[in-house]
Protein chains: 2
Amino acid sequence: MSLPHAILTALLEKPSSGLELTRRFDRSIGYFWSATHQQIYRELGKLEAEGYIRALPSQQPTRGQKKSYGVLPAGRAELARWTAASQDPKPPRDTLLLRLRAAAVVGTEGIEADLRRHLVLHQRQLAEYEEIEQRDFGPGRGTAQDRLQHLILRAGIDLETFWTRWLTHALEEFEGLSTAEGS
Amino acid sequence: MSLPHAILTALLEKPSSGLELTRRFDRSIGYFWSATHQQIYRELGKLEAEGYIRALPSQQPTRGQKKSYGVLPAGRAELARWTAASQDPKPPRDTLLLRLRAAAVVGTEGIEADLRRHLVLHQRQLAEYEEIEQRDFGPGRGTAQDRLQHLILRAGIDLETFWTRWLTHALEEFEGLSTAEGS
DNA sequence: ACCAGTTGTGCAACTAGTTGCACAAAAGGC
DNA sequence: GCCTTTTGTGCAACTAGTTGCACAACTGGT
């Protein structure tokens with residue numbers, strides 16, 4: 001039940017059309033909540049029906065026509081309610097760790113290459129985050145909003161740092177394994 | 001498409017009934033791939049129909065009767081195939097970070113308590129992992145299997161460490177925010 | 001012998017997310 | 001003027017995961 005709230009947040013930051021939202025979900029917001037354009041359009045329809053957002057006046061709201069949405073007071077209230085409500089963290093779902101566990105039983109054949117690939121991907125993501133930090137967050141203390149945004153970015157950076165370190169360590173371990181393997 | 005493979009892994013480690021699997025998904029495997037008993041029973045049915053597992057001979061396979069499953073060669077082959085196949089990491093979905101981002105727009109009212117709650121939960125999980133490490137993984141280098149298992153546990157420990165640190169930092173930041181807030 | 005609680009298995013309906021496709025409108029090449 | 005590509009919106013069907021309930025069988029108290 002988070003996608004509608006992700007959209008409300010994005011629209012509050014800046015009223016947008018479906019496609020603009022889709023693009024923004026590929027960057028910033030999508031870093032920790034991704035969505036396809038179909039999910040977004042569907043959800044925009046629902047949110048409008050529920051009176052949380054409304055299409056901003058434009059020329060023709062026909063097909064193939066850009067249609068921007070803005071958040072209504074009810075939408076902002078709902079977002080505030082959801083933000084403040086306590087929620088349990090849901091157990092992580094990590095395929096890579098699962099595969100590693102399977103590999104402990106059926107053999108590590110072929111998984112090493114994928115570990116390497118993941119390492120590169122995480123390094124890339126880390127570099128991207130650090131670039132954003134460099135660009136948008138100087139050493140000075142900004143507004144409360146800035147500091148919150150920076151905090152979120154920090155989580156991304158630290159997470160990617162964890163993954164790159166762990167994957168590096170895992171690959172080292174594999175070196176050692178291949179010499180002494182043979183169960 | 002990971003649940004069936006999680007189940008195959010679990011069954012290879014030890015043939016089990018649906019309920020036993022459910023219990024094990026609440027511990028070890030569930031640490032990075034959780035599942036409810038309904039998911040598991042449904043999946044067991046499918047896996048059996050596909051010829052990947054089979055019910056081990058017992059008394060009456062009627063209702064309310066324990067039914068253990070073992071993995072067939074085809075199942076092991078499928079698991080090996082899946083383990084070796086390259087897979088893209090799927091973008092994380094984190095509600096807490098999303099809420100923080102929403103809070104940057106609609107206000108941080110009420111979210112601090114939940115951060116504190118999450119911190120406690122992550123600390124607890126971390127303690128649990130460290131206990132397991134203490135108990136199951138001594139200083140000596142074990143078999144290749146042991147080292148893989150330890151590697152996976154390490155990921156859990158480092159992840160929880162990241163969260164506790166980050167949440168602690170976030171709460172500190174909130175202290176500073178409340179004094180200078182007012183946008 | 002009977003009832004209450006626990007263990008174990010399972011169906012059905014729902015919610016969330018993904019995939020594949022369709023189609024209108026504008027923009028640009030030739 | 002026609003044809004291709006890009007932009008923008010959307011439906012329908014499918015897959016995965018969750019929730020709520022049902023029910024059989026065993027276990028122990030009275």
Side-chain angles (χ1 to χ4, degrees), chain A residues 1-8 10-11 15-26 29-30 32-50 53-56 58-69 82 87-95 98, chain B residues 1-8 10-11 15-26 29-30 32-50 53-56 58-69 82 87-95 98:
Chain A
M1 276 296 293
S2 302
L3 179 58
H5 302 98
I7 291 178
L8 286 174
L11 288 181
S16 311
S17 68
L19 191 67
E20 282 162 353
L21 276 178
T22 305
R23 293 208 206 295
R24 291 171 61 199
F25 268 78
D26 286 341
I29 307 184
F32 43 86
W33 202 276
S34 65
T36 61
H37 78 274
Q38 289 86 346
Q39 275 180 281
I40 289 168
Y41 282 117
R42 199 183 344 171
E43 210 58 46
L44 282 173
K46 279 194 207 165
L47 287 169
E48 191 177 22
E50 289 168 327
I53 61 174
R54 73 156 207 284
L56 298 180
S58 91
Q59 277 67 5
Q60 300 102 286
T62 59
R63 266 184 158 246
Q65 205 67 20
K66 203 180 285 192
K67 199 160 58 169
S68 266
Y69 291 92
W82 177 80
Q87 271 181 251
D88 283 330
K90 39 173 34 193
R93 286 253 165 79
D94 192 290
T95 318
L98 193 60
Chain B
M1 274 297 294
S2 302
L3 179 58
H5 302 99
I7 291 178
L8 286 173
L11 288 181
S16 310
S17 68
L19 191 66
E20 282 162 353
L21 277 177
T22 306
R23 292 208 206 296
R24 292 171 60 199
F25 269 78
D26 286 341
I29 308 184
F32 44 86
W33 203 276
S34 65
T36 61
H37 78 273
Q38 289 86 345
Q39 275 179 280
I40 288 168
Y41 282 118
R42 199 184 344 172
E43 210 60 45
L44 282 173
K46 280 193 207 165
L47 286 170
E48 191 177 23
E50 290 167 327
I53 62 174
R54 73 154 208 283
L56 297 179
S58 92
Q59 277 67 6
Q60 299 102 287
T62 59
R63 266 184 158 247
Q65 204 67 20
K66 203 179 288 192
K67 198 159 58 169
S68 266
Y69 291 92
W82 177 80
Q87 270 180 253
D88 283 330
K90 39 174 35 195
R93 285 251 166 81
D94 193 290
T95 318
L98 194 59

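Here is how names work: the chains are called A, B, and so on, in the same order as the sequence lines, proteins then strands, and each is numbered from 1.
Across the protein-nucleic acid pair, B/I40 atom CD1 and C/dG10 atom C1' stand 13 Å apart, rounded to whole Å. Per the geometry, CD belonging to B/E48 stands 13 Å off C1' belonging to C/dT9, to the nearest Å. For the pair B/Y41 OH and D/dA24 C1', the interatomic distance rounds to 12 Å; values are reported in whole Å. If you take NE2 of A/H37 and P of C/dC21, they are 13 Å apart, rounded to a whole angstrom. In this entry the distance linking CG of B/L19 with C1' of C/dG8 reads 6 Å, nearest Å. The OH-C1' distance, from B/Y69 to C/dT9, rounds to 9 Å in whole Å. Per the geometry, CD belonging to B/Q38 stands 11 Å off C1' belonging to C/dA12, to the nearest Å. A straight line from CD1 of B/I7 to P of C/dT9 spans 13 Å, rounded to a whole angstrom.
Where A/P4 and B/R23 each meet DNA chain C at their nearest nucleotide, the meeting point lying more 5' is that of B/R23.
Remark: A/S16 engages A/R24 in a side-chain hydrogen bond (donor to acceptor under 3.5 Å, both in side chains) (not counting sequence neighbours). Scored by the side chain to side chain contact (heavy atoms under 4.5 Å, CB included) test, A/P92 finds no partners at all (sequence neighbours excluded). For A/W82, the ring pair (Phe, Tyr, Trp, His ring centres under 6.0 Å) partners two or more places apart in sequence, or in a different chain, are A/H5.
For D/dT9, the OP1/OP2 oxygens have a side-chain nitrogen or oxygen of A/S17 closer than 4.0 Å.
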Please list, for nucleotides 13-16 of chain C, all pairs of protein and nucleotide N/O atoms separated by less than 3.5 Å.
none

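We find the CG-NZ distance between A/D94 and B/K90 to be 10.5 Å, quoted to the nearest 0.5 Å. Note that the CG atom of B/L11 and the CG atom of B/L21 stand 5.0 Å from one another [nearest 0.5 Å].
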Please set out all donor-acceptor pairs under 3.5 angstrom arising from side-chain atoms of residues 34-45 of chain A, sequence neighbours excluded.
from: A/S34; atom 1: OG; to: B/R93; atom 2: NH2; distance (Å): 3.4
from: A/T36; atom 1: OG1; to: A/Q39; atom 2: N; distance (Å): 3.4
from: A/Q39; atom 1: OE1; to: A/T36; atom 2: N; distance (Å): 3.1
from: A/Y41; atom 1: OH; to: A/L19; atom 2: N; distance (Å): 3.4

